[in-house]
Amino acid sequence: MSCTAVEVIKKLFLMGVMATINQEIDFDTAALVAAEFGVDAEELPPEVDPTLIPEIEYNPAEMKSRPPVVTVMGHVDHGKTSLLDVIRKTHVTAQEAGGITQHIGAYQVSINNKKIVFLDTPGHEAFTAMRARGAQVTDIAVLVVAADDGVMPQTIEAINHAKSAGVPIVVAINKIDKPGANVDRVIQELLNHELVPEKYGGQTIMVEVSAKKQINIDLLLENILILADMEELKANPNSAARGVIIEAQLDKGRGPVATVLVQNGTLRIGDSIVAGTTHGKVRAMINDRGDMVKKAGPSVPVEVLGLNDVPAAGDILAALDEKLAKSIAEHRLDKQRTQLIRSKKVSLDDLFQRIQEGSIKDLNIVIKADVQGSIEALSGALLALNKNDEVRVNIVHSGVGAVNESDIMLASAANALIIAFNVRPDNNARRLADAENIDIRIYRVIYDAIGDVKAAMSGMLAPKYKEVVQGKVEIRKVMKFSKALVAGSYVLEGKIFNNSKIRILRDNIEIFDGAIDSLRRFKDEVKEVAAGYECGISIVDFRDFREGDIIEAYKMEEIETSIADANREAEARHAAEEKKS
Ligand code: GDP
């Protein structure tokens, strides 16, 4: 409209609308203001976001009850895994094909001819991670509290996570077989967190159980069903499938394999699907008992084959028209790519890392300054930093005057950062720099500018590392497979990652230092295994391990030299120089 924001705001004010510069105004107001400036405004149709999955309107008459989906949460060692294990062992319907569950991230159990789905990753981390991606999977949280230990920090965390997600809690007071068990104390402690059992006039279902002695497991399941009934969980099995990716990985033989929990509708072989940035056609489905199935309705977990890539846990899956599924996935990929490119503009702050990744060999700089003399001094000093081959400083442009839009466009095209010496970007340039993610550094002292660049560069040239121990693992059994020797292990503390460096200790003496070849839970390759879990580890070029050896997992972490430190150094140097002269 060729007028300033202030003029528009003034006009709005006269019309009785108190708006700030960042405020949205409705179309009618905008049209009125535009008219005041002699401009015709026309309303565009609302934009359809090509990355969004179209919503389905469900007909209430077609909704049918569906089984509840349960996550087991609670403090470490209170018996989450034991509880899941005993439920799986005792309640997978025996007459169905051997009754052995596959590990696919979730499984269905039957009790009194009704079904409950358990997510097989105990703990609230997975729960929160999924929520962070916008997926709410859990209908009911089972909070496990050990009767001999009571409410602990992670118990409270779990309560808070469930509450903030609006998920109702069933409390399983576990380990009641133990001599030190004190159920009343646990209840007292839970009262402090607003979990009040029925006998005290509250509404929280609390069941005293023992996972180890299999006491009251049925009672717990029955109570989960009672709560589920009250929640009136429903879905329409006749509509197109909507679900959530519980976990996914690349299988050497089968390609991308995703465990999907169907939340609504029915997923069928041959359906075209989209999940996150991936798409494809359902080629095969395998249920939690390892059977091939043709369809999966609401609250059924299945492994799905046929996606073109590995989606992320928490991604929403939808069955759609083939072209639409593909186009949504591709638009999302595009969006991701542009965001990546935008965020990949060079800046002094991440220069270290970028060089390390090998994604930067040239440090391109645009210099704007108040006088020609400063430009010469600055570029001379910056180019003098070019003593090594790993990174080269290039001055792609320099000039006298404020940083303007064309400087920003140039910096964007050349992936350069801008050094502004005694000048500032004008308003348009600043806005454009924000949009293009250009790092503009403003200096008044030449030494500061040079100090920053040097610090960023030298940091990357001589990165300093420190060792960080991630976890401790005990080898409990040495197992021989056709090709490999696997250390059947138990994670004592922390975590072990498939990219951890490892050190093997025997009687506290280091006997080997190297890397992991593969890290598995049951048959599956995994990225990490946390304390309290068993895993199988094979090690690159080392077979001489024994039962009782300790594996220490660690990583090397970069120690960052901060720009602030470098600045202080530059200032000190500057002060010293000034004194001299
Ligand atoms: P998680 O960290 O919450 O998954 O806990 P685990 O299921 O790994 O259990 C921790 C320890 O408590 C294990 O040694 C179990 O054998 C033990 N445990 C679990 N449930 C019971 C129980 O009901 N009674 C007794 N006595 N021990 C139990």
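In what follows, residues are counted from 1 in the order of the sequence shown. Atoms within each ligand, like the ligands themselves, are counted from 1 in listed order. Computed from heavy atoms alone, side chains included, the values below leave out hydrogens, waters and symmetry copies.
- In the vicinity of Ser210, heavy-atom distances shorter than 4.0 Å reach the ligand 1 atoms 22 (C), 23 (O), 24 (N).
- Atom CG of Asp541 is surrounded by 12 or fewer heavy atoms from other residues, nucleotides or ligands within 6.0 Å.
- Set against the non-hydrogen atoms of His78, the atoms of ligand 1 under 4.0 Å away are 3 (O), 5 (O).
- Counting only heavy atoms of the protein, atom 24 (N) of ligand 1 lies nearest to Asp177 OD1, 2.7 Å.
- On a distance-only criterion, Ile176 and ligand 1 share no N/O pair closer than 3.5 Å.
- There is no protein heavy atom less than 4.0 angstrom from atom 14 (O) of ligand 1.
- Checked for salt-bridge contact, Lys175 and Asp149 miss the test: no charged N lies under 4.0 Å from a carboxylate O.
- Comment: Asp139 engages Arg66 in a salt bridge, judged by a side-chain N to carboxylate O separation of less than 4.0 angstrom.
- The shortest contact between atom 4 (O) of ligand 1 and any protein heavy atom is with Thr81 OG1, 2.4 Å.
- Heavy atoms from both the backbone and the side chain of Asp77 come within less than 4.0 Å of ligand 1.
- If you check which protein heavy atom lies closest to atom 27 (N) of ligand 1, you get Lys212 CD, 3.7 Å.
- For atom 21 (C) of ligand 1, the nearest protein heavy atom (residue, atom name, distance) is Lys175 CG, 3.5 Å.
- For the pair Asp229 and Lys114, the salt-bridge criterion is met [side-chain N within less than 4.0 Å of a carboxylate O].
- Below 4.0 Å from some heavy atom of Val76 lie the following atoms of ligand 1, by number and element: 2 (O).
- Here the side chains of Pro197 and Thr204 are not in contact, with every heavy-atom distance at 4.5 Å or above.
- Scanning the protein heavy atoms around atom 7 (O) of ligand 1, the nearest turns out to be Ser82 OG, 2.5 Å.
- Looking only at side-chain heavy atoms (C-beta outward), Ser272 and His279 stay at 4.5 Å or farther from each other.
- Looking only at protein heavy atoms, the nearest one to atom 23 (O) of ligand 1 is Ala211 N, 2.9 Å.
- Taking atom 5 (O) of ligand 1 as the reference point, the nearest protein heavy-atom neighbour is Gly79 N, 3.0 Å.
- Contacts of His75 with ligand 1, taken as heavy-atom pairs under 4.0 Å, involve the backbone alone.
- Ranking the protein heavy atoms by distance from atom 20 (N) of ligand 1 puts Asn174 ND2, 3.1 Å first.
- Glu194 is listed as a side-chain neighbour of Lys163, based on a closest heavy-atom distance under 4.5 Å.
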